[in-house]
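Letters go in sequence order (proteins before strands), and every chain restarts at 1. Quantities reported herein were computed from a predicted structural model and do not represent experimental measurements.
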Amino acid sequence: MAAAAGRQPPGPAEGEAPAAGREAGAGGEEGEGRAKGGVEAGGCYLALCARPVHFEKANPVNCVFFDEANKQVFAVRSGGATGVVVKGLEDRNPISFRMEDKGEVKCIKFSLGNKILAVQRTLKSVTKNANILGFCWTSSTEIVFITDQGIEFYQVLPEKRTLKLLKNQSINVNWYMYCPESSVILLSTTVLGNVLQPFYFKSGTMSKLSKFEIELPAAPKSSKLSLSERDIAMATIYGQLYVLYLRHHSRTSNSTGAEVVLYHLPREGSCKKTHILKLNRTGKFALNVVDNLVVVHHQDTETSVIFDIKLKGEFDGSTTIHQFVLPPRSIQPYQIPVAGPPSVTSQAPVPCKLYSSSWIVFQPDIIISASEGYLWSLQVKLEPVVNLLVDKGKLMDFLLQRKECKMVILSVCSQMLSEPERGSLSVIATVFDKLNNEYKKYLEAEQSYTMVVETGLSRSNPLLKRPVRTQAVIDQSDMYTHVLSVFTEKKEAPHKFTIAVLMEYIRSLNQFQIAVQHYLYELVIKTLVQHNLFYMLHQFLQYHVLSDSKPLACLLLSLESIYPPAHQLSLDMLKRLSTANDEIVEVLLSKHQVLAALRFIRGIGGHDSISARKFLDAAKQAEDEMLFYTIFRFFEQRNQRLRGNPSFTPGEHCEEHVTFFKQVFGEQALMKPTTF
Amino acid sequence: MVSGGCRPQAQDGGGGGGRPGEAARSDPSQFLHLQPQARAQRGREKKILFYHPNEVEKNEKIRNVGLCEAIVQFTRTFSPTKPAKSLHTQKNRQFFHEPEENFWMVMVVRNPIIEKHKDGKPVYEYQEEELLDKVYSSVLQQCYSMYKLFNGTFLRAMEDGGVKVLKERLEKFFHRYLQTLHLQSCDLLDVFCGISFFPLDKMTYLKIQSFINRMEESLNIVKYTAFLYNDQLIWSGLEQDDMRILYKYLTTSLFPRHMEPELAGRDSPIRAEMPGNLQHYGRFLTGPLNLNDPDTKCRFPKIFVNTDDTYEELHLIVYKAMSAAVCFMIDASIPPTLEFCRKLDSIVGPQLTVLASDICEQYNINKRISGAEKEPQFKFIYFNHMNLAEKSTIHMRKTPSVSLASVHPDLMKILGDINSDFSRVDEDEEIIVKAMSDYWVVGKKSDQRELYVILNQKNVNLIEVNEEVKKLCATQFNNIFFLD
């Protein structure tokens, strides 16, 4: 909606905001807001982008236009005769061209893709006696004209250089607004102007959505236009289209200040009032939507506040009332880079006047300073938020909804685990739960996607998309690498706390039924071993809190020398895995428990395929003649049973053991082949 | 020690009912400590720190102590590091234990007597082979452990105030403790002195972990915590050996004492005390009785742990909500105030109440899933030396002071004998015994685990018994490495 204070109501062709030419400075804003706003308080969480679009500032011979659809600034000199320069935030290479000066340009826009240029030079339409309010490109070849008497949807046929009318609708229009993101045009109708009629455009079709009425703060006394386009904005928030209405403070109502009312405009169904954002102040405001946050700039105090409609508010049965998330702060101070030839650049950069009355604000995140010739996109800085939101649970709720949140979240996690801002365990638990809730949602989406693809159902559902992994998905490896391993290595915290944190993370993962990776268990074990907390480790394993895996069992085996019960724990784990029978045999043989190994392998029915040599080797190393005898005899019997002869085959490489057997027990002790 | 006849054992004979083969009951006849290294000139009497029964005439005390000393010294000649542990006589068994250097404990247990009639006259016959050495030497060792838990070491008492203080502490402790010993019903479980662990799923266990960690954080003077449910251990912050004896105290002394009022419905634990306070079932089993009484005493029992190295003295706070009991142990140098107790009650009470019902619910679900509701078909005792885990389907639910075996004492004695055999060798072993009247007793030892099974089936052979035990292992112990 509209711009910062002081600006005159824009001309009829609002969409492209003739940013130039309007004399700004009417408000005498100099110095006024400075003292009030607490601008110097630090923690500025809003900033202008570092690489703005610079254009020739507006003056009597240079007109500047902004096209919201392509986010391009047009600088038109002398009606285009001496040149038109088009610059955008995304496209860094400016487009320059000239055109004939056929009078004052009212509106100028490229079609999507910069293929066709449309220019409006007069208010009157040729065909009808209607005023053209403006036009919008809805695709590269489709254009919509809005007049005070209706809306007309055309297809452009570039080869024939003609327009083909696709659809039109007669309706009295006060003003219109276009939201390119959602291809919706909103028309203000009726005398008061507060009945809004949305149209939705998609590939050659224009569909009328159900109209709705904006509740005005007080019943208007006269029947004149009461809803200004300056107080309306359209933006997509969390994937849904909203109409934002800035309802000014009215003396008659007992409200504490102005508020922003959000109307949810679904593609189907009726538009509903859903949220009220309390501003708790009065004066001149402007709105932006950045990263799904509603930003409200207040010119009087030169500060801005932000609202997040996903955060908890006060629900009154139909609408949710929100307070601003963070204390009001100014946009971060901005230095205008001094351009020009190198010889001149020695002068210091000029601080930019923020909240200037020459600022004009466009949706969703554009701020234009016509007087200085800059176009910025507004950005939300997350680092300062960390210190402004004390409640860590709320902070996480806020951060998890932001685009660039990952590193900030990880740093918040690190911060809450170390002095001086160490959080309590219940806070830490809350944060872990919030992270894992998001993590689980992603895993589930991913899983059901994989399932659909695997079962071949994807062909019947062309809309199926692989779930997007946003930055809010913080998985175990992120936590391990950036937070937990660093935290356990620092050793500044008491070990009780360290272990409690690790267990809390594992508890949270389990609560969300997320399989815990074994490196987390290893971290727990490492920490416990470091502090000689073997009994604690034993209890965790006893209750299977550290889930079974081969790597874990091997780690336990390696602990046997410092904690003997680890041997039993490891064997139990290998047994439960049921895929580690070879490992069990190896462990037993290495401890010279040859009989136990043999009994085990026989118990699972694998004794016909084991290597005799391996067992005989182990038996010989045990230096127990009776044991050797027993093992030797077992294999002789196996040979007899399998091959009808007790002797070993050359392939078994047991000659050495046969010799040893004969040496100790005599040749006659060898088993005789049974003959029938 | 020693000495028959200082108390007639008529009741023991009666316990045997005079029937041959019926195991008679044993009773402690004497119990004493002596200190053999004391200088001879101080006289033997000075060496006696505690003697029960105290009524025994002084000279006899001295004689008995002298005999013990002589036996120990004599056997030292043959085995300097391991002198005699017990002495078998016709009437008694004597057990010797040196828990700390130069401090000896001796316990004398009378052999059971059976009454026989010879020529119409009653004749008393001592059953010399009925008592099991391991059972009673374990009981003697536990006497010391229990003393040490509440009093610290003998040496520490000597350092604190010499023989006088030590004698006072011994008198005070053993006077009460000896009355709670039920020597008649001691069996294999006393040899193990194990811990029964409460079976629990991972998630509930983690919740308990989380609870304990948060409580230790909020009540930051808490040094160690232990958590029990249904008199079974779930978590111990104490080291294993300390927990073992604390567990014994809790389950055989403290909990049973508090069970009766609960059953009787007195002392209804639900309280709606200070306004705004959540209703909960939490209450102190040690310490203040009534938190609303400003004059209530916040005195908690003191316990001594890690006596081998750090030697810590702690206050033992036992707090219970429904079936869940938590032991909070705080450093003895910080006396818990009424304010602290109120804080503990307000923080722990509500959360423990919720947790206890969670555990109960989860336990029932798990039981239903695993189908463990069915009565165990097997009578067995399991013990794991590594974590002291013990499980018995032979013993009935613990009564206020003892747990009673549900099988014939002769069978229990066979279990004890097998256990003695096991302790003699390191190797894994399996022993199968055919007992009287269709009973089979099977003992298995695998690594650090022991399993004893009692089967009662008509006309079965060795192979079938073996199969039955295999079946038991497959159902009850399939998640551990237990060799068949």
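Here Asp421(B) pairs with Arg424(B) in a salt bridge; the nearest charged N to carboxylate O distance falls below 4.0 Å. Electrostatic pairing of Lys444(B) and Glu430(B) counts as a salt bridge here, judged by a charged N lying under 4.0 Å from a carboxylate O. We find that Glu625(A) and Lys620(A) are not joined by a salt bridge, their nearest charged nitrogen and carboxylate oxygen being 4.0 Å or further apart. For the pair Lys591(A) and Glu560(A), the salt-bridge criterion is met [side-chain N within less than 4.0 Å of a carboxylate O]. Between Asp331(B) and Lys223(B) a salt bridge is recorded (basic side-chain N to carboxylate O distance below 4.0 Å).
Donor-acceptor pairing under 3.5 Å is recorded for the side chains of Asn387(B) and Asn384(B). Side chains of Tyr363(B) and Asp201(B): no donor on one and acceptor on the other come within 3.5 Å. Counting only N and O atoms by type, the side chains of Glu216(B) and Thr225(B) include a donor and acceptor under 3.5 Å apart. Side-chain atoms of Tyr224(B) and Asp242(B) form no donor-acceptor pair, as typed in the model, at a separation below 3.5 Å.
Interface remark: Gln209(B) contributes side-chain atoms only to the contact with chain A (heavy atom separation under 4.5 Å). Neither the backbone nor the side chain of Ser578(A) comes within contact range of chain B; no heavy atom of the residue lies under 4.5 Å from a heavy atom of that chain. If you measure heavy-atom distances from Met386(B) to chain A, the contacts under 4.5 Å come from both the backbone and the side chain.
Most heavy-atom pairs under 4.5 Å with chain A: of the set Gln448(B), Glu427(B), Glu217(B), this distinction falls to Glu217(B). Across Gln568(A), His567(A), Lys575(A), Arg576(A), the residue that shares the most heavy-atom pairs under 4.5 angstrom with chain B is Gln568(A). Between chain A and the residues Leu238(B), Asp447(B), Ile234(B), the most heavy-atom pairs under 4.5 angstrom are made by Ile234(B). Contact tally against chain A (heavy-atom pairs below 4.5 Å) for Ser446(B), Ala389(B), Ser210(B), Ser236(B): the top residue is Ser236(B).
Residue-environment remark: CG (Asp608(A)) exceeds the threshold of 12 foreign heavy atoms within 6.0 Å. More than 12 heavy atoms of other residues, nucleotides or ligands shown are found within 6.0 angstrom of CD on Glu419(A).
Heavy-atom neighbours of chain B within the stretch residues 502-511 of chain A, taken at a separation under 4.5 angstrom, comprise Met503(A), Glu504(A), Ile506(A), Arg507(A), Asn510(A), Gln511(A). Residues of residues 538-556 of chain A lying under 4.5 angstrom from chain B, judged on non-hydrogen atoms, are His538(A), Gln539(A), Phe540(A), Gln542(A), Tyr543(A), His544(A), Val545(A), Ser547(A) by number. Within residues 425-440 of chain A, the residues that have a heavy atom under 4.5 Å from a heavy atom of chain B are Leu425(A), Ser426(A), listed by number. The stretch residues 523-534 of chain A places none of its residues near chain B, where near means some heavy atom under 4.5 Å from a heavy atom of that chain.
In this structure, Gln476(A) contributes its side chain and Gln517(A) its backbone to a donor-acceptor pair below 3.5 Å. Side chain of Asp391(A) to main chain of Gly393(A): a donor-acceptor pair is present (N/O by atom type, distance under 3.5 Å, no hydrogens or angles). Using modelled atom types, one side-chain atom of Ser218(B) and one backbone atom of Arg214(B) make a donor-acceptor pair closer than 3.5 Å. A donor-acceptor pair is defined here as one N or O able to donate and one able to accept, closer than 3.5 Å; such a pair exists between the side chain of Lys445(B) and the backbone of Val425(B).
With contacts defined as side-chain heavy-atom distances shorter than 4.5 Å, the pair Phe340(B)/Ile221(B) qualifies. Side-chain contact between Val318(B) and Val326(B) is absent, with no heavy-atom pair separated by less than 4.5 Å. Residues Glu450(B) and Phe422(B) are in side-chain contact: their nearest non-hydrogen atoms beyond the backbone lie under 4.5 Å apart.
Applying ring pair (Phe, Tyr, Trp, His ring centres under 6.0 Å) to Tyr382(B) and the options Phe192(B), Phe197(B), Phe477(B) leaves one that passes, Phe477(B).
Cation-pi geometry between Arg422(A) and Phe497(A) is met: under 6.0 angstrom from the ring centre, within 45 degrees of the axis.
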